[in-house]
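Written out below as structure tokens is the structure these notes cover.
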Amino acid sequence: MTKPILEIKELKTSFKAYNGLLPAVDGVSLTVNEGEIVGVVGESGCGKSVTAQSILRLFDERKEVKYEGEISYGGVNLLSLKAKQMSSIRGNDISMIFQDPLTSLNPVYPIGEQIVEAMLAHQRISKKQAMQRAIELLQLTGIPSPQERYHQYPHQLSGGMRQRVMIAIALACRPKLLIADEPTTALDVTIQAQIMSLLARLNKQLNMSILLITHDLGIVAETCHKVVVMYLGQVVETASVQELFQSPRHPYTQALLQAMPRIDSERGKPLTVIEGSLPTLNQLPQGCRFVSRCSYATEKCHSASPILKPVEGVQALVRCWNADLIKIESRSQGQQARSGGEDHVIQSVQS
Amino acid sequence: MAIYVLKRLLALVPTLFIMSVIVFIIIYLIPGDPARVMLGDGADEATIQQVREQMGLNQPVLPQYINWISGALQGNFGESYFLGKSVMAAIGEHAGPTFSLAVLALLLSLCTAIPLGIAAAKHQGGLADKLLTAFSLLGMAIPGFLLSLFLVLLFAVKLKWLPVSGYASLQDGVWSYLKHLILPAVSLSPLMGAIIARMVRSSMLEVMNQSYVKTARAKGVSEHRVIYKHVLRNALIPIITVTGGAFGTLLAGAAVIETVFNIPGLGQLLVHSVARRDYAVIQGIVLFIAFLYVAVNLIVDLLYVVADPRVRLE
Amino acid sequence: MLFNPSNRRKPLLQVENLHKSYWSKAKNSFKKARVRAIRDVSFTIFAGETYGLVGESGCGKSTLGKTLLRLTEQDSGSILYEGNDLAKLSSKQLRHYRKELQMVFQDPYSSLNPRIVVGEALEEPLHVHRIGTPQERTERAMDMLAAVGLKREHYYSLPHQLSGGQRQRIGLARALIVHPKLVVCDEPVSALDVIIQAQIIQLLKRLQHDMNLTYLFISHDISVVRHISDRIGVMYLGRLVEEGDTESLFQQPTHPYTKLLLSAVPVPDPFAVKKEWQQEGELPSPLEKIAGCSFHTRCPYATERCRLEEPEPKRVNEEHWAACHYA
Amino acid sequence: ANGTNNSNISSPGPTDAASADANVVDANEGKELATELKFPLDQSIPTLDPHLSLGGSNSTVVLNVFEGLFSFNSSYEPVPSLAESYEVSEDGKNYVFHLRQGITFHNGKELKAEDAAASLNRWKELAPRAKSSFGESEFEAQDDYTVVLNLNEPKNDTLAQLSHVLNFAAIMPKEVVESAGPDGVKEYIGTGPFKLVEWKADQYIHVSKFENYQSPDGESDGFAGKREALVNDIYFTLALDNATRFSSFLAGDFDYVDVSIDNLPLVENDDSIELVKDLSTDFNLIFNKKSPLFSDIAYRQAVAALVNAEEILLGITSTPDLYRLNPSYMYEENAKWYSEAGSEAYNQSNPEEAKRLLAEAGYNGEVVRLLTTKDTGSFYNASLMLQAQLEAIGVKTQLDIYDYATMLTKRADATAWDIYLGPFIVPSTPSQLLYLNPSYGFAEDAKLAELLKKATAALTDEEIKEANDELQAYVWEYLGNVKIGDTYRYKAIRSNLQGVTTLYGIPNLSNTKVYKKS
Amino acid sequence: MVKRQQAEAINLYKLARREQLLQQAFTNTRLLWGSLLAILLLVVALFAPWLSTYKPLEVDIVNRLAGPSTQHLFGTDNFGRDVFSRVLHGLRNSVQVGFIASLLASAIGLVVGLYAAMYRWLDQLLMRIMDALFAFPAILLAIAIMAALGASMLNLMMCLAIVFIPSVARIVRSSAVVAKQQAYIEAQRAIGSSDTRMIWQHIMPNTLPALIVQGSFVFAESIIVEAALSFLGAGIPAPTPSLGNQLSEGKMFIFQSWWMTLFPGIALIVAVLAVYLLGDGFRDLLDPHTAKKGHAKALYKRLSGLNQAGKEGTAS
Ligand SMILES: Nc1ncnc2c1ncn2[C@@H]1O[C@H](COP(=O)(O)OP(=O)(O)OP(=O)(O)O)[C@@H](O)[C@H]1O
Ligand SMILES: Nc1ncnc2c1ncn2[C@@H]1O[C@H](COP(=O)(O)OP(=O)(O)OP(=O)(O)O)[C@@H](O)[C@H]1O
Ligand SMILES: [Mg+2]
Ligand SMILES: [Mg+2]
């Protein structure tokens with residue numbers, strides 16, 4: 001359970017702009033252990049997707065980006081692999097599903113073919129066998145009557161089903177690690193719930209690690225074992241789920257938790273609002289990147305950039321000079337509210 | 001599908017109607033008349049009037065138009081004053097050369113445009129891309145008739161490889177047929193090639209940014225397969241659209257080239273018919289070209305169905 | 001109206017039996033199809049309250065919002081605003097009411113003209129309604145910028161120079177500058193990150209208080225709706241299936257769809273008891289005609305009756321009803 | 001003159017192509033003959049109906065397919081062709097034509113007098129010049145091989161009218177004539193050395209050797225005398241574009257082409273190409289006698305005083321080699337009708353006088369509209385030169401350029417133009433002069449008509465000379481038109497094409513043989 | 001106080017915008033080349049009478065068909081007219097015809113396109129007519145119209161305008177339809193704007209980039225079609241020099257006097273090229289969403305521009 005399968009150390013991904021490099025990701029370190037679901041959360045544009053795609057090196061290195069740091073998978077640094085070797089890892093050892101199931105499937109080929117394509121790219125099996133397996137996969141992901149669906153085109157499926165097909169493609173070669181980049185943002189809550197439970201089930205059944213990128217703390221709380229919080233291209237906090245929700249240490253994490261209207265919180269209580277501006281990627285402040293919006297900021301925060309380090313009393317890693325000083329927020333309001341409405345909800349559905 | 005095609009063809013009726021009215025108005029406005037052209041320089045006024053009378057040209061426009069349209073509705077588009085045959089027959093004879101020319105020019109354009117477009121999209125900003133920019137700009141800026149002058153000078157007059165002008169039908173032998181069409185087709189193709197190449201490039205680039213291409217890459221599919229299987233196939237619809245448009249334009253717009261190369265095509269026939277005021281033929285050709293235009297568009301739409309399973313005709 | 005609650009409060013907008021269908025050419029098909037976006041919707045919004053509207057994507061929320069403001073024409077039904085039926089007015093007569101009925105749009109990126117500076121965009125409504133001199137308009141726009149927490153400099157910004165949150169503030173300012181009575185907020189925060197979302201929600205609340213506004217608040221995020229609304233309507237496939245005051249609705253969700261919706265919302269609390277997911281099936285296409293209860297395809301309790309017979313609204317309590325045979 | 005078969009051969013024609021040909025050492029000795037000839041046509045052909053057709057291109061084809069009772073020799077003298085002989089009454093009013101016997105049409109039918117009469121009656125209705133000459137009289141078939149024509153008054157141009165190449169008095173089968181519609185005959189059946197095989201409008205006209213052809217006797221001269229088809233097939237190929245036509249010649253597609261002076265160097269030094277210069281057209285300036293200005297003779301005189309014929313001709317032909325000054329409306333080769341009477345008025349080139357006359361006439365800056373076209377011929381160049389001359393003495397001008405069809409319509413409209421300057425094919429008698437009758441420029445002058453009639457009615461050579469001088473002198477006095485001059489054209493003929501002769505610029509392709517190119 | 005602040009802000013904004021535009025203009029090679037060529041064209045067009053060494057109509061039969069020399073830079077034509085001077089005047093006329101024709105076509109096409117996009121019943125009517133005109137091959141329609149109206153420069157301009165109205169109207173209509181569906185147009189309606197205001201104030205500017213590109217295309221096409229028409233003998237009436245006239249005359253002398261074809265030909269290509277480049281360049285400049293994806297410079301601007309102004313919010 002604790003054997004790491006993916007370790008990222010100080011990853012830096014910079015986009016080539018016409019007058020220099022634009023570091024969209026600068027300082028991401030995280031570890032995914034075998035069988036673990038790791039959540040990555042953060043604001044839009046903070047570099048979650050770039051991180052995910054950097055792992056598979058999906059950007060064009062000749063023109064688009066420059067990678068630095070280390071991504072080690074099973075002891076091999078992916079960033080040092082040749083293009084061919086990288087191809088053999090993609091979809092095979094590590095696979096990925098994207099945010100938008102509506103556009104992530106090629107509209108002109110039947111879905112079955114697209115699943116089979118992944119298998120044929122990596123495995124030596126006959127077309128027939130591949131087809132058989134594809135149907136099994138469709139079944140596994142909970143698509144009714146997979147035989148017929150196999151020959152259907154993406155537009156003939158609903159959003160939820162398409163996302164299942166995406167998952168089936170990702171699972172085609174039984175990867176050890178699945179990277180899911182906001183797999184449910186385009187879907188309705190009810191469908192989201194189905195997909196999330198499917199992922200959780202696959203994680204258990206296949207002992208497959210998942211790197212789950214999302215902006216929804218609710219999903220993190222319900223599905224993940226570990227959480228990585230990102231802000232402006234950096235990891236600012238990593239912690240186990242319980243720890244993070246119980247005692248968030250980074251001011252940004254705290255802000256996130258408090259700004260969210262919750263279904264289980266006291267109604268009408270004002271949300272916490274933080275002001276301040278977000279710096280641009282090409283004009284980053286010298287010190288901490290959160291400094292412009294942080295209410296705890298000190299002189300030091302303005303001048304020196306903090307590093308990701310363990311904090312006293314918890315297992316979390318936090319990128320904050322004041323992590324030790326910041327008062328631990330009491331456990332989320334939900335605890336009190338939960339006894340109210342929510343239990344009832346559960347009951348009513350199950351009844 | 002048959003119903004769909006039928007519907008589309010029916011939708012053509014108002015367009016054709018409007019066109020026929022426009023043509024009639026133009027004909028009404030153009031001075032000069034066929035009787036005078038036929039009787040030539042120095043014919044006396046009395047004879048001309050007599051022939052005009054016999055041709056029905058002395059009627060007012062409206063009866064003339066009604067006459068014509070009621071014939072047209074029964075599939076009779078009239079007789080040419082000069083060709084000694086029905087308009088339909090004349091068009092049928094002249095459509096072949098135009099069609100051959102358009103097809104050959106289109107093939108030439110496609111053969112240059114598609115590889116160039118793909119290469120340019122694959123290596124955006126690279127050599128192929130720059131080449132494409134140069135090619136497309138020049139292709140659009142050099143008029144076909146200008147190009148044709150120099151092509152004739154070089155390949156026909158100086159080198160004597162190809163004939164200067166004229167047309168041979170397929171029955172006269174494939175080589176003879178091609179020989180006569182090569183220069184005109186080459187003169188016509190740069191413009192089409194330029195437009196198609198641009199479209200191939202931009203359409204490919206557009207598709208390359210789609211997330212399903214990323215999905216394909218994330219599956220570990222080879223780059224070659226990504227380009228040719230995933231990107232090109234999806235980039236096809238806009239390419240088909242411009243190609244169809246280009247073909248339509250070729251069919252309709254080869255008049256100048258046909259004149260330069262003395263190819264007995266529709267364009268030339270129309271130019272001649274305007275010159276000698278062969279009214280029925282002018283009407284017929286204009287409507288026929290419009291019909292072709294729509295037919296090409298219809299075929300393009302039908303091709304969409306093949307290219308993209310999302311498109312359905314019902 | 002069936003469940004008209006006590007007349008303590010003054011109804012501002014009463015919608016009765018509203019219908020709206022689109023004849024749309026599906027994107028890649030050449031055939032026209034009928035989308036029944038709103039089917040027989042009736043409800044009342046009282047002055048000064050926030051009425052929340054939730055439902056899945058495509059269930060007709062935006063269409064309802066736009067139809068109320070006559071941005072799209074309804075097929076049938078009446079929209080009584082302070083006793084006048086908006087549905088019957090000509091577009092000229094409607095102009096007058098446009099001042100009092102405003103809208104904030106979902107997408108802060110596309111709801112501002114990219115070529116027009118913010119200030120001009122703000123003055124536009126004043127200009128249209130011929131309010132004030134140019135000087136006064138500019139002053140009012142500047143005031144409004146301040147009211148929504150922006151600086152005066154932003155007057156000269158182009159939309160693309162602003163962040164999403166800032167744009168949404170502009171959208172809000174533009175709606176409020178003519179001092180409307182009712183503001184339809186169509187998913188005003190769903191394109192925003194939590195932190196910005198919180199800012200806008202607080203701003204909405206403050207302005208409601210300051211300017212005595214009535215909101216129709218549309219969202220697919222039930223947590224947000226719960227946070228801001230006094231009363232909530234739940235929509236499913238063009239129908240209002242349940243309506244009630246917020247407390248009651250969350251205490252006592254009655255329609256199975258409401259229950260499903262509530263249970264599907266992930267709770268940001270790792271200690272919460274995990275639920276067993278029970279639901280199956282997916283949203284049927286609005287293109288298909290569904291007989292009986294529109295939810296029966298997904299409802300675990302569906303019976304023969306649900307398949308055949310359309311349920312009538314049933315009262316749960318004074319201000320709370322649900323359209324389910326088994327409520 | 002009790003003319004019977006007038007077959008004396010007069011002095012050689014201007015081009016003398018035939019004899020030049022004979023002198024050329026036959027470089028093709030020992031070469032194989034080809035059976036096919038591809039011949040360029042430079043104008044589109046609206047109809048192949050010989051009675052209707054007016055353009056030179058038509059005649060190129062028509063004269064090989066059809067024959068008339070008479071043909072011109074190279075001195076523009078009528079020589080019997082389908083006619084065996086003829087008789088004219090003393091008073092010049094009654095003609096009897098005896099047809100050759102045993103002539104068959106291309107459709108196999110034998111030529112009879114009724115065919116000739118029917119054809120000629122149709123012809124005289126359709127050809128304006130014939131109509132004005134003997135509109136009231138009828139051709140009648142007396143027996144199977146005799147046709148008679150009785151005129152009201154003597155016409156010395158009768159035979160010339162029957163020979164003329166434009167609106168050619170071709171003989172066709174009676175049935176064909178009778179079934180003809182307003183737009184011409186439906187079938188093209190003649191008696192000529194070639195028969196029509198296929199007419200692909202706007203592309204080519206294919207004629208092939210007529211095996212049963214019966215040639216008239218006598219030495220070949222012009223279109224008269226012995227004719228023989230020496231190739232099996234001729235494709236008259238339309239090549240309207242000058243540049244294309246010439247490049248096709250250079251590329252070897254054609255063996256015959258007209259050469260502009262500027263292209264001359266390209267063919268001049270080629271031994272295998274023979275250059276032939278032939279008289280093609282004359283240019284005349286026509287006044288619109290109904291226009292506000294030129295209805296006044298003073299203005300016509302002013303323009304006549306101004307015209308520098310030489311400059312205009314140079315503008316048309318670009319070289320002194322290709323034109324000659326000529327005050328007469330006839331070519332000097334046509335000895336019978338050539339006259340220099342009134343020639344003082346020709347080519348005056350006197351701007352001062354012109355200015356004076358204008359001032360006298362009270363010219364006040366009115367715009368003179370020059371009607372022209374760019375479509376065919378050298379109308380445009382000529383008008384351009386004239387415009388320059390007019391402008392130089394302060395006449396306001398406007399060049400109205402239309403396409404050919406429009407120009408024809410405009411020219412028939414008395415309100416649409418003032419001056420028209422164009423090429424004319426020179427006929428053999430004054431009665432065929434288009435511009436002396438009202439259809440060109442609305443000449444409605446009683447004296448002119450009177451003199452013309454007199455000239456036509458004259459019977460003896462002396463009478464003719466006298467009447468003609470009088471007419472010509474009056475033409476220069478009346479100034480309905482101003483003669484500019486005669487022009488030549490160069491033709492380039494490849495040496496493997498032998499025996500092409502031309503008359504009126506129209507090639508005679510019978511007696512022409514083609515050798516295969518090595 | 002407020003006034004001063006305001007003025008300052010306006011100035012700042014204007015400055016920034018100008019700087020941005022300038023910067024874009026200079027990094028836009030097409031625009032740069034296009035403008036250079038266009039300036040050249042403009043100079044030629046405006047100053048042709050002063051630049052030319054002879055009168056374009058001055059006939060000098062003696063010196064006809066003389067090759068390029070110091071006296072006649074581009075040689076002389078078959079009338080001995082100076083080709084250089086004629087090319088200058090030809091450019092002037094061709095450019096003038098193209099410009100006015102495209103201006104007319106753009107203006108009318110704009111109105112037709114906008115109103116067709118706005119009102120459905122009008123759409124049917126207008127677009128059917130446009131379809132009919134569109135299906136007419138441009139050259140052939142032009143020949144017919146020129147035959148009907150008679151050859152003159154004014155008629156040619158009108159005729160070209162008629163020929164090109166449909167293509168402009170179609171483009172304008174389709175981008176207006178897209179613009180009409182934008183949320184901010186709906187927002188405008190919600191505010192209570194009148195249709196006229198909506199069309200001209202809000203929809204029209206959005207069609208401008210497309211209009212400019214299409215307009216420039218029409219401009220370039222007009223120059224070509226004018227030449228083709230003159231080539232067929234239906235263009236600007238001779239002797240007025242136009243590039244097409246010169247080409248069609250040169251054609252006859254191409255074997256010995258290549259300069260009569262070559263120089264007008266080059267002039268034509270340069271003119272068309274200039275207009276195309278300019279159109280393309282302008283589109284890039286005017287379009288607020290310049291960034292073709294992957295275009296590094298534009299992307300960079302978008303990224304940095306986006307967040308610079310952000311005083312509080314997110315990046316997106
Ligand atoms: N191809 C690219 N070229 C240049 N910059 C890019 C590219 N892709 C992303 N970026 C920039 O990198 C930063 C991080 O983007 P990323 O997509 O990782 O954000 P994200 O956290 O996934 O946001 P979201 O929640 O919106 O998906 C952003 O500022 C984005 O604009
Ligand atoms: N202009 C239109 N033409 C045709 N169909 C439309 C149009 N607008 C909306 N629809 C259809 O009407 C239904 C309701 O759409 P609406 O936008 O009101 O849903 P919504 O609840 O607002 O969804 P979302 O949460 O995605 O915004 C959908 O099926 C939609 O596809
Ligand atoms: Mg992302
Ligand atoms: Mg919506």
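Here is the naming used below: chain letters follow the sequence lines, and residue numbers restart at 1 for every chain.
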- About how many Å separate OG1 of B:Thr98 and CD of B:Glu258, when rounded to the nearest 0.5 Å? 3.5 Å

- Item | Pairs of heavy atoms under 4.5 Å with chain D: top-ranked of B:Ile48, B:Asn262, B:Val274 | B:Asn262

- Geometric cation-pi criterion, D:Arg494 with D:Phe249: 6.0 Å, 45°: yes

- Between D:Arg411 and D:Tyr420, does any side-chain donor sit less than 3.5 Å from a side-chain acceptor?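 Judged by distance alone, the side chains do pair up.
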
- Item | Contact class of B:Glu53 relative to chain D, heavy atoms under 4.5 angstrom |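 Neither; nothing under 4.5 Å.
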
- Heavy-atom proximity to chain D below 4.5 Å, by part of B:Arg277: side chain

- Under 4.5 Å, counting heavy-atom pairs only, tell me which of D:Leu240, D:Thr409, D:Leu250, D:Asp413 racks up the most with chain B.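 Ranked by contacts with chain B, first place is D:Thr409.
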
- Please collect all ring pair (Phe, Tyr, Trp, His ring centres under 6.0 Å) contacts where either partner lies in residues 45-64 of chain B, sequence neighbours excluded, each pair once. none

